[in-house]
Amino acid sequence: MTVTTALPHADAVALADEQLASWLKQEGCEEPPPAVRVPTGQPFAAPAPGAPTDPSTPSTAPGPAPGLAERLRLGDRVLLDRDHGPLRGGAGAGRYDRRRLRTPAAHGTQQLTLTVATAAGGPTWLRLEAETHSTGSGVRTPCRVPVPELARSLLPLLDATDGPTAVQSAPRVITADGVDALIDELCDPARRLPTVVASVPVNLPLDRWVEDVVGPLCHQLPGLATAYVLDPGARTGFNVALEYHTVYGGAVRTYLPEVDPASRQDSARHPVLARGRIEQDLRRAAGLLAREPRRLAADQPLPLPLAAVPVLRVPAPQLRRAADPAGPVEPATPARSAAPAAPTTPAEPADLTELAELAREEQQDRAEQQARADELEQVRRTLRLERHDRRDRGQGREGHDGREAREARLRTGGRALTGRHCTTSGTGPAVGQHPVVPPVDDFGKPGTFTELISRLGEFPLLTFTGDQKATLALDELQRTGAGWARLAWDGLTALQEYAEAAVRGTAGGDFKQWCEHTPEGCHRFPPRKAVRGESRTVVSHTKWKRERMLPVPACVDASRRAFMGAHLRIGGGRTAPRLHYLDDCSGSGRIYVGYIGLHLTNTRTN
């Protein structure tokens with residue numbers, strides 16, 4: 001989230017530190033000591049040995065060198081990096097304070113970065129970024145990061161704003177008197193965050209609808225959007241004033257910045273979530289509603305003060321004990337101190353282990369930063385290709401040219417992704433490494449399943465969660481396996497193109513319908529080979545159904561298993577290879593391929 005506050009810079013930082021320390025205490029971690037703030041150019045002075053310390057005075061312990069952050073260890077795998085200084089562009093340009101907290105997660109590390117930046121004569125900006133970095137073995141896929149509790153606690157205390165709008169953590173009810181102010185807010189050019197407006201069904205009371213539906217529906221929006229609920233009196237006036245941007249009947253509409261009330265074409269930019277979709281699955285509807293605000297928060301350019309914050313730099317050998325604010329630094333080189341140097345002794349094994357662990361963490365930090373930079377460049381490249389593709393088709397270059405553009409995008413799609421996007425389960429490559437791809441023709445299809453598995457990274461929106469052994473075994477069955485591999489590649493290509501459209505909301509149905517009405521310029525997969533689900537006999541048979549309960553990430557199902565009845569026919573006869581998948585484009589925005597191998601058990605197999 002990115003918001004402004006009327007608080008002075010120092011007050012905003014102190015409030016953020018207070019809330020962060022309170023949350024760490026609740027989680028059973030050590031509270032961080034007060035930050036050491038020394039003007040630029042003044043050296044740190046260490047207290048004399050045995051000198052009393054006054055907790056009411058700022059700490060004078062040695063701190064990091066200018067331009068470097070200090071790192072605190074607050075528990076097992078709990079690290080807090082914090083730094084401050086002038087913004088880039090000169091000492092008079094403003095200043096910033098930053099906190100980066102890393103905590104262990106079930107299958108990786110959660111990272112929370114809080115930045116407060118104030119330019120000279122400007123407002124105080126606050127940005128909170130939450131990320132999950134997956135490590136280790138098993139299923140790894142980007143999931144929706146939940147809204148941090150720090151965001152929910154900070155918003156009301158900061159009196160956060162987005163231009164002229166107050167950013168609150170809960171939806172606000174709008175009456176007839178507040179309609180004009182809401183319309184002015186929607187049309188205000190300074191608004192950066194989306195505005196979500198919910199209507200109330202005519203047959204339900206307002207309080208019940210807000211408590212049972214709108215509240216849970218907006219649970220993932222604090223800091224990412226402002227939310228309002230129109231009462232019956234406000235709904236009429238609102239829809240009369242915005243005849244092309246109406247919302248009614250229990251539906252919810254997301255108004256992106258720069259609303260043009262007089263434009264009928266502009267109304268298509270602001271998505272509507274129907275009441276039926278909400279009531280069908282409230283949890284999934286909440287994810288759909290938060291998708292556009294999350295995308296906008298990640299893609300929107302940073303305000304100038306936040307963009308002028310320098311890159312975080314942490315000295316790998318430095319460690320300061322959190323339990324003792326005035327405690328010594330444990331560096332790789334002798335510590336700077338005004339006291340006489342004590343005789344040096346060999347480092348304890350624990351110290352060496354700690355330093356080695358810090359070095360590994362810094363190496364992982366650099367790898368993650370490079371991976372994020374690669375991903376950003378990949379997104380930009382994909383958008384450029386899509387724009388060129390649409391422009392070419394608009395000029396009459398259809399068919400072959402459109403297909404070449406899409407295949408080029410697929411070829412480049414997986415090259416910049418990190419291991420957490422394209423690593424498969426089982427015996428896949430190590431974290432952060434790309435799979436070994438054998439040299440192939442640019443437009444060639446894999447001739448074997450071994451080659452197909454190595455090239456799965458070319459499909460950014462597909463995640464293979466199955467057992468590679470079942471897939472690789474197809475290469476040893478028949479010489480016709482090359483045809484199977486090419487057909488499976490065709491299916492994966494079509495699934496990738498379908499996923500791209502489904503995430504944008506332009507697929508027009510499920511994958512079966514996509515195959516029956518493939519858009520011009522897209523790769524066509526035979527509709528008769530795309531099956532929506534298994535027969536009733538298979539679903540009701542306990543053992544057969546269990547075979548089709550295939551791995552998925554915890555963000556899709558807490559049990560890490562889901563029934564994958566939808567499949568593609570990639571062969572015939574007794575062996576009859578199949579590709580089973582789960583379409584979760586409306587949830588996590590991905591398709592999970594849980595199995596590629598011989599036909600699973602049914603009435604025709606033995």
Side chain to side chain, Leu461 and Glu500, heavy atoms closer than 4.5 Å: yes
Considering all heavy atoms, the nearest Cys218-Pro222 contact: O-CD, 3.6 Å
Test item: Leu74 and Leu24 side chains (from C-beta on) under 4.5 Å apart, heavy atoms: yes
Closest heavy-atom pair and its distance - Ala119, Pro305: CB-CG, 3.9 Å
Check against side-chain contact (heavy atoms from CB on, under 4.5 Å), Gln220 and Arg294: CA-CA 9 Å; Gln220 302 180 28; Arg294 285 175 180 269; 3.8 Å; yes
Note: Asp81-Arg313 ion pair, threshold 4.0 Å (strictly below): no
Trace of the side-chain contact (heavy atoms from CB on, under 4.5 Å) decision for Leu101 with Gln111: CA-CA 6 Å; Leu101 178 67; Gln111 180 170 296; over 6 Å; no
Thr124 and its side-chain contact (heavy atoms from CB on, under 4.5 Å) partner, picked from Val116, Leu7, Val3: Val116
Results of salt bridge (charged side-chain N to carboxylate O under 4.0 Å, His left out) for Arg152 - residues two or more places apart only: Glu149
Interatomic spacing from CG in Leu302 to OG1 in Thr115 - rounded to 0.5 Å: 9.0 Å
For Leu550, all residues meeting side-chain contact (heavy atoms from CB on, under 4.5 Å), sequence neighbours excluded: Met564, His580, Tyr595
Nearest heavy-atom neighbours spanning Ala562 and Val552: CB-CG1, 3.8 Å
Note, Pro551 side chain near Arg561 side chain (heavy atom, < 4.5 Å): yes
Non-hydrogen side-chain atoms of Phe459 and Leu495 separated by less than 4.5 Å: no
Worked verdict on Leu158 versus Leu126 for side-chain contact (heavy atoms from CB on, under 4.5 Å): CA-CA 10 Å; Leu158 288 170; Leu126 185 141; 3.7 Å; yes
Under 3.5 Å donor-acceptor, Arg88 side chain and Ala307 backbone: yes
Minimum side-chain heavy-atom gap Asp97-His9 below 4.5 Å: yes
Interatomic spacing from CG in Leu20 to CG in Leu15 - rounded to 0.5 Å: 11.0 Å
N-O pairing of Asp83 and Arg98 below 4.0 Å: yes
Separation between CD of Glu30 and CG of Leu72, rounded to the nearest 0.5 Å: 9.5 Å
Test log, rule side-chain hydrogen bond (donor to acceptor under 3.5 Å, both in side chains), inputs Thr161 and Thr4: CA-CA 5 Å; Thr161 57; Thr4 58; 2.7 Å; yes
Residues Lys25 and Glu27 bridged, charged N to O under 4.0 Å: no
Distance (rounded to the nearest 0.5 Å) between Leu296 CG and Arg291 CZ: 14.5 Å
Salt bridge (charged side-chain N to carboxylate O under 4.0 Å, His left out) against Arg191, all qualifying residues, sequence neighbours excluded: none
Beyond-backbone contact of Arg95 with Pro86, side-chain heavy atoms, under 4.5 angstrom: no
Side-chain touch Arg73/Arg71, heavy atoms, less than 4.5 angstrom: no
Check: Asp584 side chain, Arg590 main-chain N or O, donor-acceptor pair, under 3.5 Å: no
Minimum-distance pair of heavy atoms, taken over all atoms of Leu288 and Ser586: CD2-O, 2.7 Å
Backbone N/O of Pro104 and side chain of Arg77: donor-acceptor pair under 3.5 Å: no
Nearest-0.5 Å distance that lies between atom CG in Leu306 and atom OG1 in Thr2: 6.0 Å
Atom pair CZ/CD of Arg295 and Gln300 - distance to nearest 0.5 Å: 9.5 Å
Heavy-atom donor-acceptor pair, Asp162 side chain to Leu193 backbone, under 3.5 Å: yes
Within-4.5 Å side-chain heavy-atom neighbours: Phe464 and Val593: yes
Donor-acceptor under 3.5 Å (Asp583 side chain, Cys585 main chain): yes
Where Pro34 and Arg82 come nearest, the two heavy atoms and their spacing: O-NH2, 3.2 Å
From CA spacing to verdict: side-chain contact (heavy atoms from CB on, under 4.5 Å), Val196, Thr226: CA-CA 6 Å; Val196 174; Thr226 55; over 6 Å; no
Closest approach of Val252 to Ala198 (non-hydrogen atoms, all atoms of both residues): CG2-CB, 3.8 Å
